[in-house]
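Position 1 is the first residue of the sequence, and the numbers go up from there. Side-chain atoms are counted along with the backbone in the values below, which use heavy atoms only and exclude waters and symmetry mates. Just so it is clear, the structure is predicted and the values come from calculations on it, not from any experiment.
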Amino acid sequence: MAISQVLNGASHDAAAPVYTQPAELDASKVVVTLANELKPIPPATELKFGQAMTDHMMVASYDPIHGWSAPEIKPYGPLALDPASSCLQYATNVFEGMKAYVGPNGEPRLFRPNKNMARMEMSAGRVALPPFDTNELLKLIKRLVAIEQRWIPTQKGHSLYLRPTIIGTRSSLGVAASDSAVLYVICSPTGPYFRNGARPVSLLAVGETVRAWPGGTGGYKLALNYAPTFKPQQYATKLGYDQCLWLLGETITEAGAMNFFVVVRRDDGHLDVFTPPLNGTILPGVTRDSVLALAAAHTAHTALPNVPSTTRIHVAERDLTISDLTQWSAEGRLLEAFAVGTAVVVVAVGRIGHEGKDIVLPTHEGALGPVGRSLYERITGIQEGKFEWEDWSVVCA
């Protein structure tokens with residue numbers, strides 16, 4: 001009986017197996033199936049954040065052998081998941097929040113989408129989900145937005161909210177990284193996040209429970225960061241506050257699911273704009289980054305609309321404590337506090353509760369103070385293509 005020679009585990013008597021790389025996500029392979037019947041679009045006055053969904057969604061799946069499937073844009077509908085899927089058992093869920101707007105010529109636009117793609121890639125890597133090409137995902141998002149263009153509201157303060165999501169679908173109860181995934185994008189027309197009109201939000205400082213901690217996952221946009229905040233939020237609401245101001249000891253991290261800013265008058269009469277630094281407990285928000293850049297550019301590159309050109313704004317990322325706010329308020333130097341995020345853009349903070357007392361912020365006509373109002377107007381102007389700045393507004397061509 002002859003014995004075959006084996007080299008590196010492969011017999012020379014038979015053809016060596018052909019190993020292929022798992023397929024990459026490829027937007028050029030998208031299969032578009034349009035809905036036979038389109039949904040009626042709710043009136044803008046009835047829109048509530050995240051409740052109405054558009055006609056279509058984008059879906060692609062990954063398995064460790066074949067890689068990414070051909071993406072599909074198809075009618076909106078349920079996903080089929082094994083009950084043992086990693087996303088259901090171990091919270092391997094990552095999402096992004098983006099918005100589409102109607103530009104001056106009726107063209108759909110996105111705001112700094114590359115920032116969202118970079119953050120989504122980083123977040124997916126943190127929970128060891130299969131990699132994907134974010135450039136291809138962005139192409140698919142643009143295609144989906146173009147198809148759903150009729151859903152983009154044209155009223156001021158309205159937009160089409162986009163939720164790119166990737167979930168682990170490995171069907172095993174074993175505690176391990178998911179080698180399978182579903183990547184999808186859904187869309188929802190939305191009005192102002194807070195439907196109370198031009199009214200500042202109130203915050204309850206919460207330190208007994210924490211949203212994030214050093215070395216944890218607070219700097220990533222993971223679904224698992226959100227559920228533990230719901231119970232403290234219910235408590236804050238019971239006490240008459242809109243959101244929680246999350247503390248780590250005395251140090252401020254975030255406001256609800258938003259980044260937190262304060263405006264403080266300096267001894268020379270100019271302004272400091274402070275926000276907590278990205279130390280692993282703070283989500284690197286796209287709006288946060290935009291606020292920092294625009295505030296720093298005041299007078300040097302562009303003047304903010306409601307801030308005198310003679311007023312200098314000094315921007316700094318630094319630790320902020322409740323004691324800082326209390327002291328600045330007592331000295332009359334705490335001029336504004338506001339929170340920022342994709343959903344709200346910029347929202348004023350009117351009072352902050354801590355240990356049974358409120359830090360009350362100065363009131364301003366229209367809720368936002370001069371700096372917050374300027375940033376809101378400048379960012380929304382860029383988003384809608386009415387003000388050109390650094391190629392931040394991207395047309396869905």
Would you check if the side chain of [X] reaches a backbone N or O of [Y] as a donor-acceptor pair within less than 3.5 Å?
X: Q89; Y: P83; answer: yes
X: D242; Y: S202; answer: yes
X: E254; Y: A212; answer: no

(message) If you define the side chain from C-beta out and look only at heavy atoms, does anything of V32 sit under 4.5 Å from I147?
(response) yes

(request) Identify whether NZ of Lys or CZ of Arg in R119 sits under 6.0 Å from the centre of the six-membered ring of Y220 and within 45° of that ring's axis. (result) no

(request) Give, for atom CG of D319 and atom CD1 of I252, the distance between the pair rounded to the nearest 0.5 Å. (result) 10.0 Å

(request) In sequence, state the C-alpha distance, the side-chain angles, and the governing distance for L320 and V262, and then conclude on side chain to side chain contact (heavy atoms under 4.5 Å, CB included). (result) CA-CA 9 Å; L320 297 174; V262 293; 4.1 Å; yes

(request) Could you give me the CA-CA distance, side-chain angles and deciding distance for L81 and C87, then say whether side chain to side chain contact (heavy atoms under 4.5 Å, CB included) is met? (result) CA-CA 9 Å; L81 292 175; C87 59; 4.0 Å; yes

(message) Between S180 and R170, do the side chains contain a donor N or O and an acceptor N or O under 3.5 Å apart?
(response) no

(request) Just grab all the ring-ring contact (aromatic ring centres under 6.0 Å, His included) pairs involving residues 234-282, residues at least two apart or on different chains. (result) F261-F338, F274-W328

Between [Y] and [X], does any NZ, NE, NH1 or NH2 come within less than 4.0 Å of an OD or OE carboxylate oxygen?
X: D358; Y: R351; value: yes
X: R318; Y: D324; value: yes
X: R112; Y: D289; value: yes
X: R373; Y: E336; value: no
X: E96; Y: R163; value: no

(request) State which residues pass side chain to side chain donor-acceptor pair (under 3.5 Å) with S28; sequence neighbours excluded, sorted by chain then number. (result) D26

(message) I'd like to know if I152 and F111 are part of one continuous hydrophobic network [Ile/Leu/Val/Met/Phe/Trp/Tyr, side-chain heavy atoms within less than 4.5 Å].
(response) no

(request) Kindly determine whether L140 and L25 satisfy side chain to side chain contact (heavy atoms under 4.5 Å, CB included), including the steps that lead there. (result) CA-CA 10 Å; L140 291 165; L25 184 66; 4.3 Å; yes

(message) One pair to check against ring-ring contact (aromatic ring centres under 6.0 Å, His included): F49 and Y161. What are the steps and the verdict?
(response) CA-CA 8 Å; F49 181 79; Y161 183 82; 4.9 Å; yes

(request) Please say which of K156, R378, R109 ends up in a salt bridge (Lys or Arg N to Asp or Glu O under 4.0 Å) with E384. (result) K156

